[in-house]
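In what follows, a structure is listed as structure tokens, so that the remarks can point back to it.
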Amino acid sequence: MLTVHHLNNSRSQRILCALEELNLPYQIARYQRQPTMLAPPELKKIHPLGKSPVLEDNGLVLAESGAILEYLQETYDTAGQLKPADPQGKIDYRFWLHYAEGSLMPLLMMKLVFGSLGKPPVPFGFRTVGKLLGQGVQKSYLNKQIATHAQFIEQSLNGREWFAGDRFSMADIQMIFPVIALLARGGIDNLPNLARWKQRVEQRPSWQRAMTKGGPFSLPGA
């Protein structure tokens, strides 16, 4: 039996979506974030990093969303429904699987961190300086970088419904979390292709079942 170690409001929603797409039986081990929004220490008993998602499959323990999605596709997607078969589709598929966490999410996490420097738990006496520092870094660097990435993603969806071609794939599942974060706190308007893509994802029965089983989903700090 497949087991998803699922942390609320986390990337593990993507794994639930993939399992639902593949119509695989699985069970969920649930964990709740601490008041600090960090994962509870119990997750370190499953994987040394103490992060989520973690997938268990007959004694095999896998971490990292992209690695888990690739494993599920290669192991259980015998019909090839979630990976393109054409050469260009395969290239796009590989790119978006790595781009989501390798390029886009670090910028969005930095924006969250620098946007929080004027708020608790930053000590009261440092909040004014922290706020000014955070605003300065965002204005001089982060906002420009995020805008560049947003336009790149928006243009990549011109004339296509999905990231790796004309079919929904694991690449789209991997991009769910960063796109939701980008649209929620990227500070960028007029991204119609991305907005329509997000709507298509949210209309898929697999995503709806993942949301039902995984619980309400909202981005920390969004």
Which of these passes side chain to side chain donor-acceptor pair (under 3.5 Å) with Lys213: His6, Gln13, Glu20?
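Answer after filtering His6, Gln13, Glu20: Glu20.
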If you take the centroid of each ring, where Trp contributes its six-membered ring, are Phe177 and Trp207 closer together than 6.0 Å?
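When the ring centroids of Trp207 and Phe177 are compared, they turn out to be at least 6.0 Å apart.
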Before accepting this row, confirm whether a basic side-chain N of the pair Asp172/Arg167 lies closer than 4.0 Å to the acidic partner's carboxylate O.
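The answer is no: the pair does not qualify as a salt bridge.
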Salt bridge Glu101-Arg14, side-chain N to carboxylate O under 4.0 Å
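Judged by the 4.0 Å cut-off on N to carboxylate O distance, Glu101 and Arg14 do form a salt bridge.
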Nearest heavy atoms of [X] and [Y], plus distance in Å:
{"X": "Lys111", "Y": "Asn143", "value": "NZ-OD1, 2.9 Å"}
{"X": "Ala18", "Y": "Ile173", "value": "CA-CD1, 3.7 Å"}
{"X": "Glu21", "Y": "Gln81", "value": "O-NE2, 3.2 Å"}

Test item: side-chain donor near acceptor, Tyr76 and Asp57, under 3.5 Å
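Yes.
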Is it true that the side chains of Tyr26 and Glu56 contain a donor and an acceptor less than 3.5 Å apart?
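No.
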Hey, any chance Leu60 and Met1 share a hydrophobic cluster, counting ILVMFWY side chains that come within less than 4.5 Å of each other, even indirectly?
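Looking at the clustering, Met1 is in a separate group from Leu60.
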Test item: [X] and [Y] side chains (from C-beta on) under 4.5 Å apart, heavy atoms:
{"X": "Pro40", "Y": "Leu7", "answer": "yes"}
{"X": "Ser169", "Y": "Lys83", "answer": "no"}
{"X": "Met170", "Y": "Gln174", "answer": "no"}
{"X": "Asp92", "Y": "Pro84", "answer": "no"}
{"X": "Leu16", "Y": "Ile28", "answer": "yes"}
{"X": "Val54", "Y": "Leu62", "answer": "no"}

When you look at CD of Glu154, are more than 12 heavy atoms from neighbouring residues, nucleotides or ligands closer to it than 6.0 Å?
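Yes, the 6.0 Å shell around CD holds more than 12 heavy atoms from other groups.
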For Asp189, I'd like to know if atom CG has over 12 heavy atoms of other residues, nucleotides or ligands within 6.0 Å.
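12 or below, so no.
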Partners of Lys198 by salt bridge (charged side-chain N to carboxylate O under 4.0 Å, His left out), sequence neighbours excluded?
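Lys198 satisfies salt bridge (charged side-chain N to carboxylate O under 4.0 Å, His left out) with Glu202 only.
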Which value, rounded to the nearest 0.5 Å, describes the distance between Gln145 atom CD and His149 atom NE2?
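Answer rounded to 0.5 Å: 5.5 Å.
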Rounded to the nearest 0.5 Å, what's the gap from NE2 on His98 to CG on Leu104? Could you check?
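Between atom NE2 of His98 and atom CG of Leu104 there are 15.5 Å.
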Verify, without hydrogens or angle tests, whether Thr148 (side chain) and Lys144 (backbone) share a donor-acceptor contact under 3.5 angstrom.
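Such a contact is found between Thr148 side chain and Lys144 backbone.
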Backbone N/O of His5 and side chain of Ser52: donor-acceptor pair under 3.5 Å:
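At least one qualifying donor-acceptor pair exists.
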Name the residue from Phe152, Trp197, Tyr99, Tyr93 that meets the ring pair (Phe, Tyr, Trp, His ring centres under 6.0 Å) definition with Phe163.
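When Phe152, Trp197, Tyr99, Tyr93 are each tested with Phe163, the ring pair (Phe, Tyr, Trp, His ring centres under 6.0 Å) holds only for Trp197.
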